[in-house]
Amino acid sequence: MARPKIALIGAGNIGGTLAHLAAVKELGDVVMFDIADGLPQGKALDIAESGPSEGFDANMSGTSDYADIAGADVCIVTAGVARKPGMSRDDLLGINLKVMKSVGEGIAAHAPNAFVICITNPLDAMVWALREFSGLPHNMVCGMAGVLDSARFRHFLADEFDVSMRDVTAFVLGGHGDTMVPLARYSTVAGIPLPDLVDMGWTTQDKLDAIIQRTRDGGAEIVGLLKTGSAFYAPATSAIEMAEAFLKDQKRVLPCAAYVDGALGLNGMYVGVPTVIGKGGVERVVDIKMNKDEQSMFDSSVAAVKGLVDACKGIDSSLT
Ligand code: APR
C-alpha cells in the first residue's frame with residue numbers, strides 16, 4: 001500500500017519542523033511547497049539526509065509548483081508572513097488573505113480530497129478564508145490553535161504542580177491568543193478539576209489566574225525571547241498530532257478551529273471548539289454547556305473572530 005502523502009504549504013520555520021516530525025514519525029511521504037527559491041528543496045534534502053541515521057522510510061521533496069502536491073492526503077498550511085513592527089493587524093490580514101487565496105486555489109486544483117490544517121495567523125480568520133477560497137467541505141478544513149494553547153496550559157500547570165505533563169489535561173475554547181477561553185473546571189490533574197486543586201491547597205486562585213494569563217500570552221512570550229520570529233516547535237508538534245489523528249483514524253478529542261454550525265449556539269463560523277478528529281476530518285464538534293462566566297468570555301472571543309472575518313470581507317469583495 002502506498003504511503004500517505006503530506007503536503008506542507010510553507011517551508012519556513014514551522015514548515016521545516018513539520019517535515020522533520022512527519023519524517024521521524026513515518027507519517028508518510030512529504031512534499032514541501034514554498035515560493036522562496038530553493039528553500040523547500042534545500043530543507044527536504046537536508047531532512048532526507050538525516051534518514052539513514054534516524055532510520056525512517058519516507059520520501060522528502062521540495063517544490064514551487066502546486067502540481068507536485070497532487071493527491072495529498074493532508075495539507076498543512078503555514079504560508080504567509082508574521083506581523084512585523086509598524087505593521088497593523090489589517091496590513092497582516094491583507095497580505096495573508098492574498099496568500100490564502102493562492103493556497104486555497106492550489107489545494108482545490110490539486111488536492112481537493114485532503115484534510116487541510118491551517119496554521120497561518122490570524123488563525124480563525126485565515127482558516128475561514130482558506131475554506132472559502134478552496135471550496136473544500138467544512139469538515140475537511142480546520143485550524144491549529146487549541147492543541148497548542150492547551151499544550152502551553154498543560155506545561156505551565158505541570159510545572160506548578162510538579163507532576164507529569166501526561167497526567168494534566170486542559171480544555172480551551174475560543175479564538176487563538178488574547179481571547180482564548182481556558183475552562184478551568186474542565187481542566188484536570190488525573191481527573192481532579194483545577195478548582196478542586198485550589199481547594200486542596202495545591203495552588204492558589206491567584207497563581208492559577210497568572211498561569212491562565214501566561215497561556216493567553218504564550219505566543220508573545222516566545223516572540224519576545226526569539227526577537228526574529230515566532231514559535232515553531234510546539235505549533236508544528238500540535239499540527240502533527242492533528243494530522244496523525246486523521247491519518248490513523250484515531251478519533252482524538254482535540255480542540256481546534258473548526259466550522260461550527262448549530263453547536264454552542266453558533267451558526268456557521270470558524271472558532272476554537274473541542275472536536276473529534278478521525279478519517280472523516282473533523283467528525284464532530286463537542287457541544288459542551290458553559291456557565292455564565294465562561295459563556296461571556298466565549299461570546300467576546302466569538303465577537304473578536306467575527307470582527308476579523310468582517311475585515312477580510314472588507315478587503316476582498318469576493319468573500320461574502
Ligand atoms: N505561498 C507559499 N509560501 C509562501 C507564500 C505563498 N504565497 N507567501 C509566503 N510563503 C512562505 C515564505 O516564503 C516562508 O518560507 O511562508 C513561509 C513562512 O515561514 P516563516 O516566515 O518561517 O513563518 P513560520 O514561523 O513558519 O510561521 C508561519 O504560522 O504561526 C503562524 O504567525 C505564524 O502566520 C505565521 C505562520
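Whatever order the structure lists them in is the order used to number ligands and atoms, beginning at 1.
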Would you please say whether a donor-acceptor pair under 3.5 Å links the side chains of Q295 and N291?
no
So F246 and F115, would you call those rings parallel, tilted or perpendicular, with 30° and 60° as cut-offs?
parallel
Decide side chain to side chain contact (heavy atoms under 4.5 Å, CB included) for V189 and L197; before the verdict, give the C-alpha distance in whole Å, the side-chain angles of both, and the deciding distance to 0.1 Å.
CA-CA 8 Å; V189 172; L197 291 164; 3.6 Å; yes
Please state whether the rings of Y259 and H138 are parallel, tilted or perpendicular, taking 30° and 60° as the class boundaries.
parallel
Short side-chain donor-acceptor distance under 3.5 Å, D206 and T204:
no
With the criterion set at N/O pairs under 3.5 Å, what does the list of contacts between the protein and ligand 1 look like, atom names and distances included?
unit_1: ligand 1; atom_1: 13 (O); unit_2: D34; atom_2: OD1; d: 2.6
unit_1: ligand 1; atom_1: 15 (O); unit_2: D34; atom_2: OD2; d: 2.7
unit_1: ligand 1; atom_1: 16 (O); unit_2: G80; atom_2: N; d: 3.3
unit_1: ligand 1; atom_1: 22 (O); unit_2: N13; atom_2: N; d: 2.8
unit_1: ligand 1; atom_1: 26 (O); unit_2: N13; atom_2: N; d: 3.3
unit_1: ligand 1; atom_1: 26 (O); unit_2: I14; atom_2: N; d: 2.8
unit_1: ligand 1; atom_1: 32 (O); unit_2: N121; atom_2: ND2; d: 3.0
unit_1: ligand 1; atom_1: 34 (O); unit_2: N121; atom_2: N; d: 3.1

When you measure from the side chain of D73 to the backbone of K5, do you find a donor-acceptor pair of N or O atoms at a distance under 3.5 Å?
yes
